[in-house]
Amino acid sequence: MRNRYLDLLRFLAIVRVVVYHVTGWATLTLVFPAMSVMFALAGSLMAASLQRWGPGAVVRRLRRLLPSLWVVAAVFVPAMLLTGLPLSPKVLLWLFPVADPPANGWGAIALSVIWYLRDYLWFVLASPVALWLFRRAPVPTLVAPYAVLAAAELGLLPALPGALHHFGLYFGAWLLGFAHQAGMLRRLATRVLVPVALALAAAGAAWIVTHPGPRGYDLNDNPLGNALWSAAFILVLLGRAPTGARWVDRRAVFGRVVTVFNRRALTVYLWHMPFVAALTPLVDVVGWSHQDPLGLAVRVVLVFALVAVVTALVGWVEDVAARRSPELVPGGSRPAPARTGSPAPTGAGSPAPTGTGAPPAPATAARSGPATGRAGVSSPRAARDPQTVEISAG
């Protein structure tokens, strides 16, 4: 069963990412560092999966990640090839993006969010070794990415490869997810957690203020400030996370929206930026500048509306990748299997046991822990294999 508090964090992160990409408001990155929060949630789920399945969890995670990317590639790669993208073996990176896949001018903007999947892929592949190290030396392992990033930003490692730079920036959040899954953050005394979080936030804020980027105090332009500021948020958000958030489902509509965004997080993430890139010049034509509140509101509404349409068309791919029955709109109720007062006679066609191979029956009860994304009767496979939906950039 899933923790609705974690579902809520993921929902807020998705919405924040989309709104940020539409508006460009740097303040949003400070108010809620969605990227690092999402990496922390992903790291927690990855650690849980490794605990259940061992190294085989890597294949299971990739199976859930890549099909949605392939749908995007099937649409955009031919379009880019027809508009000037050279055909080369690098195009195959759209199937398995261990490096940035190639794109032409407009494609590089519309598909700029693909870098998150690249980093996610790296982190998944590194997780078996990282978890082994974390279990034996948790604090040094956790501190290592931040130390590498600090050394690079202070000029001590001026030739640090880009891949290691990204590991320094976001893998620390991923490892904080390991600590959350292991219960270390919850066991950390408040008298320790709060001062550490405040110290990290203060150090991050000081670095951000003294090293502003081209967009001012935007965390995306300040790797070290981003890492420190985000670590403080993660310590508080996950270190003092409630066991659940029953109130999320008190209003059926809101609970359903949270469920849909969690089940379709990857689809929303991959498809929202093409619409942001396409709508911005179109809305500008009618005279709504990027600073105009009405123009920004129209952009946000249109982007979410268009993403909703695409999600209805191709979002079911996430169900297939997770080996669930495809749904047009996730989270709807299904009729419970009929019950009889006495067992069926021998040889009669008795109903299949609930939870054997079939997806669990949904309910509105609160959920806790990484599992199927629904409450109610659960299948053995659902009880073993937590759903992973990773999104977030910006």
Side-chain angles (χ1 to χ4, degrees), residues 1-4 6-8 10-11 13-14 18 38 41-42 45-46 48-49 52-53 56-75 95 116-117 120-121 124 248-249 252-253 255-272 304 306-337 352 354-365 367 369-392:
M1 297 178 66
R2 296 177 65 91
N3 185 333
R4 288 299 265 174
L6 301 184
D7 286 349
L8 179 65
R10 188 176 293 109
F11 162 73
I14 299 167
V18 176
M38 290 307 301
L41 293 174
L45 288 172
M46 187 65 201
S49 189
R52 290 181 176 92
W53 301 102
V58 172
V59 176
R60 303 176 74 88
R61 285 289 174 268
L62 297 182
R63 185 196 73 210
R64 294 185 175 201
L65 173 73
L66 295 175
S68 294
L69 172 63
W70 295 339
V71 172
V72 172
V75 174
L95 298 177
Y116 171 77
L117 275 73
Y120 180 89
L121 183 61
V124 167
V248 170
D249 293 309
V253 173
R256 184 75 176 275
V257 169
V258 171
T259 297
V260 169
F261 270 79
N262 273 265
R263 289 290 188 89
R264 298 292 182 261
L266 190 55
T267 302
V268 173
Y269 170 75
L270 288 171
W271 285 92
H272 81 276
F304 275 110
L306 291 171
V307 168
V309 173
V310 172
T311 299
L313 293 175
V314 301
W316 54 268
V317 172
E318 294 196 58
D319 291 329
V320 174
R323 297 183 178 177
R324 298 187 300 259
S325 296
E327 295 180 276
L328 183 63
V329 181
S333 59
R334 296 179 185 174
T354 58
T356 305
T364 58
R367 301 178 292 182
T372 65
R374 300 181 204 164
V377 180
S378 60
S379 68
R381 180 180 62 207
R384 298 192 305 262
D385 188 15
Q387 175 191 359
T388 304
V389 278
E390 314 313 339
I391 64 115
S392 181

Participant: If you measure from OG on Ser49 to CZ on Arg60, what distance do you get to the nearest 0.5 Å?
Facilitator: 6.5 Å
Participant: Is the shortest side-chain heavy-atom distance between Arg256 and Val329 below 4.5 Å?
Facilitator: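 Contact flag for Arg256/Val329 side chains = yes.
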Participant: Please round to the nearest 0.5 Å and tell me the distance separating atom CG of Leu6 and atom CG of Leu45.
Facilitator: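 Here the rounded value is 8.0 Å.
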Participant: For the atom pair OH (Tyr120) and CG (Leu62), what is the distance rounded to the nearest 0.5 Å?
Facilitator: 8.0 Å
Participant: Write down the atom of Asp249, the atom of Gly255, and the distance for their closest heavy-atom approach.
Facilitator: OD1-CA, 3.5 Å
Participant: What closest approach, in Å, do Ala13 and Met38 show between heavy atoms, and which atom pair accounts for it?
Facilitator: CB-SD, 3.5 Å
Participant: With heavy-atom distances below 4.5 Å as the criterion, would you say the side chains of Pro67 and Val320 are in contact?
Facilitator: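 The answer is no, as the side chains (C-beta and beyond) never meet within the 4.5 Å cut-off.
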Participant: Taking atom types as modelled, is there a side-chain donor on Thr259 or Arg4 under 3.5 Å from an acceptor on the other?
Facilitator: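 A pair is found: one side chain offers a donor N or O, the other an acceptor, under 3.5 Å apart.
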Participant: I'd like to check Val317 versus Thr267 (side-chain heavy atoms, cut-off strictly below 4.5 Å). Are they in contact?
Facilitator: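 Contact flag for Val317/Thr267 side chains = no.
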Participant: Which distance, rounded to the nearest 0.5 Å, do you find between the CD1 of Ile14 and the NE2 of His272?
Facilitator: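 Ile14 atom CD1 to His272 atom NE2 measures 10.5 Å (nearest 0.5 Å).
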Participant: Nearest heavy-atom pair of Ser68 and Glu318: which atoms, and what distance?
Facilitator: OG-CG, 3.4 Å
Participant: Could I get the full list of ring pair (Phe, Tyr, Trp, His ring centres under 6.0 Å) partners for Phe11, not counting sequence neighbours?
Facilitator: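 Per chain and number, Phe11 pairs via ring pair (Phe, Tyr, Trp, His ring centres under 6.0 Å) with Phe254, Phe261.
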Participant: Can you confirm whether Trp271 sits close enough to Val71 that some side-chain heavy atom of one is under 4.5 Å from a side-chain heavy atom of the other?
Facilitator: yes
Participant: For the residue pair Leu65 and Val124, establish whether any side-chain heavy-atom pair is separated by less than 4.5 Å.
Facilitator: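 No, side chains not in contact.
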Participant: With side-chain contact (heavy atoms from CB on, under 4.5 Å) as the test, would you mind laying out the steps for Arg10 and Val258 before giving the verdict?
Facilitator: CA-CA 9 Å; Arg10 188 176 293 109; Val258 171; over 6 Å; no
Participant: Taking all non-hydrogen atoms of both residues, which atom of Leu270 and which atom of Leu69 are closest, and how far apart?
Facilitator: CD1-N, 3.8 Å
Participant: Do Asp319 and Arg264 meet the salt-bridge criterion of a basic N to acidic O distance under 4.0 Å?
Facilitator: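 Salt bridge between Arg264 and Asp319, a charged N being under 4.0 Å from a carboxylate O: yes.
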Participant: Which value, rounded to the nearest 0.5 Å, describes the distance between Leu121 atom CG and Tyr116 atom OH?
Facilitator: 11.5 Å
Participant: Thinking salt bridges, do Glu327 and Arg263 make one under a 4.0 Å N-O criterion?
Facilitator: yes
Participant: Taking all atoms of both residues into account, what is the closest heavy-atom pair of Asp7 and Asn262, and its distance?
Facilitator: O-ND2, 3.0 Å
Participant: Could you measure the distance from the CG atom of Leu328 to the CG atom of Leu313? Nearest 0.5 Å is fine.
Facilitator: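 So the gap between those two atoms works out to 8.5 Å.
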